[in-house]
Amino acid sequence: MTDKSTYWEQEKECMAREDLEQLQLERLQSTLFRVATHVPFYRKKFKEMNIDPDGFTSLNDVSKLPFTSKDDLRNNYPYGLFAVPLREVVRVHSSSGTTGQATVVGYTKNDIKNWSNLSARVLTAAGVDQDDVVQISFGYGLFTGGFGLHYGAERVGASVIPISSGNTKRQLTIMQDFKTTALVCTPSYALLLADTMAEQGININALPLKYGLFGGEPWSEGMRKEIQEKLHIVATDNYGLSEIMGPGVAGECQECNGLHINEDHFLAEVIDPETLEPVAPGETGELVITTLTKEAFPVIRYRTRDLTRLMPEPCPCGRTFQRMHRVFGRTDDMLIIKGVNVFPSQIEEVLFDIEGTEPHYQIIVEREGRLDKTTVMVEVMESIFFDQMKKQRQLIDQIKKRLATELGISVDVKLVEEKSLERFEGKAKRVIDKRSL
Ligand code: DLL
């Protein structure tokens, strides 16, 4: 059982499910009223679908509400889905737009207050308190990672170092000199920091680092283990997305077994991405989120494209908010190789388990004739790379076999020299799909 002091708002995070559901219903009703009144996009949709926000009396009816997609956000660029006039908006964030038109989201003063509070919950659940020195190595700017966790850490009363991402050597100097106790960044950047630390001969035992809060991209249990061992920390996962709020949507407690969704602010469903029907309880599918308290940018049934499953069973930490399993991957990251659905995270899980491989890999998909060809490039330790061909071949065979057992398909494997693959300061890009180039 987790110590009491690890809750940020115990009365809310541990509320009885019955009370929570009542609160969710009331908040959903006012959100529906808000969007029907102020957002023409939803007013039109509700009319078309014969939905009367006043007649909405059961959470079970949520499946009758329309979905919102990323395309809907794009089509209403920049401010079309805002539910308040710009005069009431105090902050704007935006996605990078690398996969199309950028999406824009806004926050009122109250939204920022809630966001800070929810980030504070996530940080507290991971172990952070006012005695901590928190190094925020997420990018600040239009990306929500830096500011979102920054405000939460200040709210907790920790000493915040807003270093932002990049300049790895400087990150390590600051980490040592400023006595960082909690690191906040993407898991792939945490690994890069750990490797650079080892290269520079920095003695990790001499650092007061205790916690790592990682999110913004999918990662595996194997990667958690590796980061924990290399940095001597407890590494927790936290999840969010700019369309909904940014970080603070869900986060792990120190049980490190699934992320508690802040259900008093977000209603979570899991659907089958093909049929769009809810999956059976506990089954894997696409996460769909409805905001319950957002003022500037409320969203109804947002299709996140993230695949996960809900974990309704109680958590030993005492929080009653149900957990979501770590995100397996995004539907748009899913590779279909010879008809089989494969996520980069499955490949990662296998690689982390094999002795001699480094936790750096890249997946290349190309078309040869009419067939897709997939090659997994894996960094291996120097001793193996320069070793005899026989050993290399054995390792390739071992990786191929394990991947074939885990994934049910065969892929090519190529061993590459240590540090030859690209490193990432923000979100890692593991897949290069040459078919679409
Ligand atoms: O990445 C918000 C965030 C920043 C969350 C920092 C946590 C920490 P976006 O740039 O809009 O927002 O990207 C959102 O990133 O739909 C997921 O696909 C992925 N993602 C975010 N957190 C996780 C996670 C931020 N913990 C998209 N595990 C989401 C897996 C994650 N994927």
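Both counts, for ligands and for their atoms, begin at 1 and track the order of listing.
- Sorted by chain then number, the residues whose non-hydrogen atoms approach ligand 1 to under 4.0 Å are F138, F143, T144, G145, G215, G216, E217, P218, D237, N238, Y239, G240, L241, S242, E243, P247, D306, V327, R330, K427.
- Of all heavy-atom pairs spanning R319 and C14, the tightest one is CA-SG, 4.1 Å.
- The backbone N or O of K427 lies less than 3.5 Å from no partner atom in the side chain of T186, so there is not a single donor-acceptor pair.
- For residues 272-290, the pairs satisfying side-chain hydrogen bond (donor to acceptor under 3.5 Å, both in side chains) are E286-R303, with sequence neighbours left out.
- Panel note: side chain S119, backbone G148; a donor-acceptor pair is recorded below 3.5 Å.
- Ring centers of W115 and Y151: at least 6.0 Å apart, outside the cut-off.
- Ring-plane geometry between Y42 and F46 is classed as tilted, the angle between the planes lying from 30 to 60 degrees on a 0 to 90 degree scale.
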